[in-house]
> 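Sharing a structure, written as C-alpha cells. Questions coming.
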There are 2 protein chains.
Amino acid sequence: MLGLMQQHKLLVSSLIEHAAASHPNAGIVSRTVEGPIHRCTYADIHRRAKQAARALTALGVQPGDRVGTLAWNGYRHMELYFAVSGMGAVLHTANPRLFPEQLEYIINHADDTVLCFDLSFVPLVEKLLPKLPGVRHFVVMTDRAHMPASSIPGLLCYDDLLDAQPDEFAWPDLDECAAASLCYTSGTTGMPKGVLYSHRSTVLHAFGACTVDSLAVSRSETALLVVPMFHVNAWSMPYAGAMSGAKLVLPGPALDGASVYELLRDEKVTLALGVPTVWMMLLQHVSTKGLKPTSELALRRVVIGGAAAPRAMAETFERDFGAFVVHAWGMTETSPVGTVCNLLPEHRALPLDQRLHVQAKQGRAVFGISLKLTAEDGTRLAHDGQSAGHLKIRGPWVAGAYYRDESGPVLDDEGYFDTGDVATIDADGYMQITDRAKDVIKSGGEWISSIALENAAMGHLTIAEAAVIGIAHPKWQERPLMLVVVKPGQTMERETVLRYLEDRVAKWWLPDDVLFVPQLPHTATGKLHKAALREQFRDYRFPEEA
Amino acid sequence: MLGLMQQHKLLVSSLIEHAAASHPNAGIVSRTVEGPIHRCTYADIHRRAKQAARALTALGVQPGDRVGTLAWNGYRHMELYFAVSGMGAVLHTANPRLFPEQLEYIINHADDTVLCFDLSFVPLVEKLLPKLPGVRHFVVMTDRAHMPASSIPGLLCYDDLLDAQPDEFAWPDLDECAAASLCYTSGTTGMPKGVLYSHRSTVLHAFGACTVDSLAVSRSETALLVVPMFHVNAWSMPYAGAMSGAKLVLPGPALDGASVYELLRDEKVTLALGVPTVWMMLLQHVSTKGLKPTSELALRRVVIGGAAAPRAMAETFERDFGAFVVHAWGMTETSPVGTVCNLLPEHRALPLDQRLHVQAKQGRAVFGISLKLTAEDGTRLAHDGQSAGHLKIRGPWVAGAYYRDESGPVLDDEGYFDTGDVATIDADGYMQITDRAKDVIKSGGEWISSIALENAAMGHLTIAEAAVIGIAHPKWQERPLMLVVVKPGQTMERETVLRYLEDRVAKWWLPDDVLFVPQLPHTATGKLHKAALREQFRDYRFPEEA
C-alpha cells in the first residue's frame, strides 16, 4: 500500500526556487577576477540562472549535455551551478590546477560541449584549444568591458549572453536520479576518474549539510567558501546556501592570507570552510602581521576537510580566533560529506587539551552514511576505537560507479565503496583515519600510521610540514622514513625530532631516519603527493644498513 | 543521462539502523503508566523493535496491514514506531482523547488488525470491544506483572510477546513511497480524515526537523516530547531523534505542571515541544509555587505549535526560564512542520518587545515547503506582509489525498493543499496566520481576524482565555463577539476589556460585545472549538439591536 503524500522530486532547481521564495534578499558577496567586490542576492542568482539556462539552450545545449567550467568561486559560477543542472544538463567543474594534459583528458572524456571560464584562464584555454575538438562554444565569464583580446575563435561574453535573454524559464520536471554535475578525482596515479552526481544525491547531501550535527549551514551564518567550487561542488555549499539562505562569501582567485583575512573581517564571516593549506597561509599572515583576530572578526567555526588538520591548527584557531574547528571527512566519491567531528554534550566540559583530542578525529557519520571497517580478508572489524581496518562507505550520496569507466564494479557485495583509507571507529561512532591504505607502513606484521607520525611531528613549533613513507627493510618488511620541512629561517637537528616524537608515539613507530628537505610535493588539491615521494626515495637506504 | 550514485531508499528502518550504528548509547527516558521512570538507549529500542516486528509477524501482520496504538509517549510506543513501519505495516496512532464514537469510526475505517494500548486505556478498549469486529489481537503495552484483569478475550502482554522472540530481523527493502503511518485529523465538523504518511515523506520531514532553520534537533539536545505520539507522530520527534541521537524524554500520561517541571529539571531538558495548553499548566505551576526555573533548569528552547502562543507566554518563557520560544506551524496534513519561526541575524539585536513581535509570527517555510496566498477567486496575492489570503501549501510531506476518502481531489490545479487558514507572508518569508478561513469575521466587505483580537485580549493580566466569533449583523454582515474567561479568583468589567483593546487593534475591529464565561469549549487536541461556540451563541443578538 502506497502512502498518500504529494509527489515532489528532489531537484537542484527546487533549491534555487526555494531561495527565491524564502530568502530572496540574503546576499552573495564575490571577490571578482576583474578586481572589485561584487554584491548580489539569491533573487539575482535565481533570475540570472534562468537567463543563463535560456542562453545555453540557445547555444544548443540539450538535456544530458555536459557544460564545463574553469572558474574560481564567484557569483557567475554559482549561477551556472543552478542554470546547467536546473535545465537538465550536467555541470562539469574542471579543476584548473590539474596538469594541462589531465585537463585535456577530462574535458574530452566528459565530452563538454560548452566551456565557461574566468578571465584568469584565457591563456590556459588558448593553449588547450587545439586539443578540444568537441567543445563547440567558449564563453568568458565576464562583461563586455573586460572581454580580452584572444586567439579563441568566436569567443563569447557571458554577460552579453545573459543580457540578451528574458528571465523567465520553466525548469524541466526531470527524473530525480538524472545526472546534475560531474567532478573528476585528482588521483595521484593514473588519469582522473569522473563522479557523476544526481539531483537526488545533491539535494539529500545539501539536506545533510544543513543539519545541526553535520555542517549546520543556516540562515544565520555568513559562510566563506575557501574550498573551491571546482572541487566536489565546494562541499555542496552553493546548494546548502540556497537551501538555507546563508550569506555566502566567494573569494575568487585571492586565497593568500591577507585577502582571506580581509574578507573574514569586512564581511563579518561566521563560518569558513577550506583545506589546511589555505588556513596555514592565513595563520602565517596573522602571526607575521601581529593581528588580533578575536577583536576584529566574528568567526565562530572553521570547517577543515580535504586533509587532516594538525592539532596545533585547531588550538590556534581556538586561542587566537575564538573559533571552533570542525573536522569533516569525505572524498569526491562521497559528495563529499561522510563524517563531521562535532562534539557530544559530555565533551563540552573537557579541558581544552582533551577536547582537542576528540576534535582531531574525523567525526561521526551523518545520517545517510553507513561505515564499516574490514580486515584484509573482508571480514568486519569491531567499532572499538582500536581495531584499524579498511574504511568502506555506503549511502545515497556515495558513488556507485565512475563515469564511462571500464575498470569494473567499484562496490563490494554489500554495496560499500572502498575509500582507500585505514581507520578506526569508536563506540560513540567517531571515525579516525590512521592512514591511506597504500601509505600505511607494514612493519613486522603490524601497521604504523604515517599520518599519526606526521601529525605528531607537526606539533613541533619549528616544523612547517612533515611526511612519512615506508622504505623497504630486509628484516621488518618496511620501516618509516620521515621528511621534514622546517619553518622559514629556522634550523633543526635529526635528534631533536626523534626526541620530540619519543614522548608522542610508540617506540617501535619511531622513524628509522629523518631527512630535512626544502619542500614536499603536493597534488593539485593540496594533498601530500606520497607516490611522488616514494618514487623520489625509491633507492634510499637507512643509515644502519649502509 | 542518469547519475551514478548509489541507490538507497528513504525508509523508516534506516533511521533506527542509523541510531544503532551512530549513537547506540544515547538515551530514551520514559515516565511509565505503571509509575516508575524507565531508562533505555537507542540500541535497546533498535533491538526491541526487531523483536516487536517478529512478534507482530507471528500474530499474522502482513505488509500494508494497519496496527493501531492507543498510547501515551513512552519507550514501548517508540519501539512500535520503528517495528510496525520498519516491517512494512502501517502504524495507526489513534488519539485516545477522541470521543468513543470517533475512535470506533477511525479504528474500523483504518481496518486495524492489531490494537496495542497502554494500561490507562484498558477500560476504554473494553467499552469499544463490541464495536471493533476487525481487530484480531489486543495487546496491552506492559509487562507480565502489571497485566490487568480484563474482559477482553485473549488479551496479550506486549513484553511477553517480545521476550519470546530473538532480536534478529531483516527489515524488508520496501518501496520508499509505501505507507508508513496513518493519523486521523480531529476535525471540528464531520468524522476524522486519515492522512497516510509514506516512508519517503517521513524521512524527508525528519531531515527537515534536524536542520538548523527548522527544529534544529541534534545530538546535543535533550528533548521533552510533551506533544503526544498519537498526534502527527509527535511532530516527527521519534524519527528526528533516531536520525540525530537526541536524548528523548517521554512524559507518559502525566502532563500536569508539577510532573512536567520535574522532568525538565531532573533530566536537564534543553528543548521542549508542545501545545500552548500544556505550557499554560506549567507556567501556572511555576507561578503558584514561586519556582525559579532559570536556576534549576537547562531549558534553552520551547517549540510551540498546534495553536498560536500568546505573546505573554513567549515573554514569560524568555524572562522566567531564559528559554527562547520557537513558534512552529503545521497540520496533520503537513506531517506537520510547514513553517518555523527562527530569527534572522538582524533580529537578534532588537529590543525584546520588537523581537517578540517577530516571534509571534508562524515563521518561514522550511526547505521542501512552498506556500502561496490566494484571494477568493484563486488569484495569487503578494507576499508583502499586508495582503491576507487563503494559505495553500505544497511539498513532499504534504498530503495529496485522504485515506479511503470519497470526497474528491484535495489539491488545486497547481498541486497545493488548502490549509483552511487565512494568512499573510512578508518579504523575508515570515508567514502569519490571521485566522481560520471559517472563523474570519466578514464585516462590511473587510476581514477582521478573530485570532488577532483573542491574542490582544490575552495580553491582559486578568484574562485567562478569550475567544471571538462572528455574529450575524443586519448592516455589517458580521460583527465580533468576544467571550472571556478570567483568571481564578479575579473579576473584570466589559468596559475594561474594550478600553484595553482600544490601544491594540483598529477601532472598527472592537467587539460589539464582551461576555464573561466560566470556560470555553476545546477540541480533542486542545484547540478552541469555535464551531461549538457558534452553535451555542447562534441566537445571540448584540445589545444595540435588542
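Please read these numbers as outputs of a predicted model, since none were measured by experiment. Side chains are part of it too, since the values below use all heavy atoms of this structure and drop only hydrogens, waters and symmetry mates. Here is the naming used below: chain letters follow the sequence lines, and residue numbers restart at 1 for every chain.
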> Is it the side chain or the backbone of B/H18 that comes within 4.5 Å of chain A heavy atoms, both, or neither?
side chain
> Could you have a look at B/A180, B/P345, B/S181 and say which one has the most heavy-atom pairs with chain A under 4.5 angstrom?
B/P345
> Answer with side chain, backbone, both or neither: which region of B/V366 has an atom nearer than 4.5 Å to a non-hydrogen atom of chain A?
backbone
> For B/K9, is it the side chain, the backbone, both or neither that has a heavy atom under 4.5 Å from a heavy atom of chain A?
backbone
> Which residue out of B/S198, B/G64, B/S218 racks up the most heavy-atom pairs below 4.5 Å with chain A?
B/S218
> Relative to chain A, which segment of B/L371 carries a heavy atom at a distance below 4.5 Å: side chain, backbone, both, or neither?
neither
> Between B/R200 and A/E176, is there a salt bridge with N-O shorter than 4.0 Å?
yes
> Side chain, backbone, both or neither: which part of A/V203 has an atom under 4.5 Å from a heavy atom of chain B?
side chain
> So how far is it from A/S201 OG to B/H8 NE2, rounded to the nearest 0.5 Å?
11.5 Å
> Are B/L204 and A/L10 side-chain neighbours, meaning at least one heavy-atom pair lies under 4.5 Å?
yes
> Donor-acceptor pair, distance only, cut-off 3.5 Å: does the side chain of A/Q6 make one with the backbone of B/P396?
no
> What class does the angle between the rings of B/W397 and A/F207 fall in, given that below 30° is parallel, 30 to 60° is tilted and above 60° is perpendicular?
tilted
> Taking side chain as everything from C-beta outward and backbone as N, CA, C, O, which of these in B/L215 sits under 4.5 Å from a heavy atom of chain A? Side chain, backbone, both or neither.
neither
> In the structure I gave you, are the side-chain heavy atoms of B/M5 and A/S335 within less than 4.5 Å of one another anywhere?
yes
> Between A/T202, A/L182, A/I369, A/L196, which shows the greatest number of heavy-atom pairs under 4.5 Å with chain B?
A/L196
> Need one label for A/Y402: side chain, backbone, both or neither, based on atoms under 4.5 Å from any heavy atom in chain B.
backbone
> Could you have a look at B/G395, B/S14, B/G208 and say which one has the most heavy-atom pairs with chain A under 4.5 angstrom?
B/G395
> Side chain from CB out, backbone as N, CA, C, O: work out which of these in B/R394 comes under 4.5 Å of a heavy atom of chain A, or both, or neither.
both
> Select one option (side chain, backbone, both, neither) describing which atoms of B/E333 are under 4.5 Å from chain A's heavy atoms.
backbone
> Only pairs of heavy atoms separated by less than 4.5 Å count here; which of B/T211, B/V212, B/L4 has the most with chain A?
B/L4
> Donor-acceptor check, side chain of A/R364 to backbone of B/S22, threshold 3.5 angstrom: yes or no?
yes
> Side chain from CB out, backbone as N, CA, C, O: work out which of these in B/V195 comes under 4.5 Å of a heavy atom of chain A, or both, or neither.
side chain
> If we define contacts as heavy-atom pairs under 4.5 Å, which of B/A19, B/C210, B/A206, B/G429 has the most with chain A?
B/C210
> Less than 4.5 Å apart, any side-chain heavy atom of A/R219 and any of B/N342?
no
> Under 4.5 Å heavy-atom distance to chain A, tell me which part of B/D428 shows up: side chain, backbone, both or neither.
both
> Within the 4.5 Å heavy-atom criterion, are A/R348 and B/S220 side-chain neighbours or not?
yes
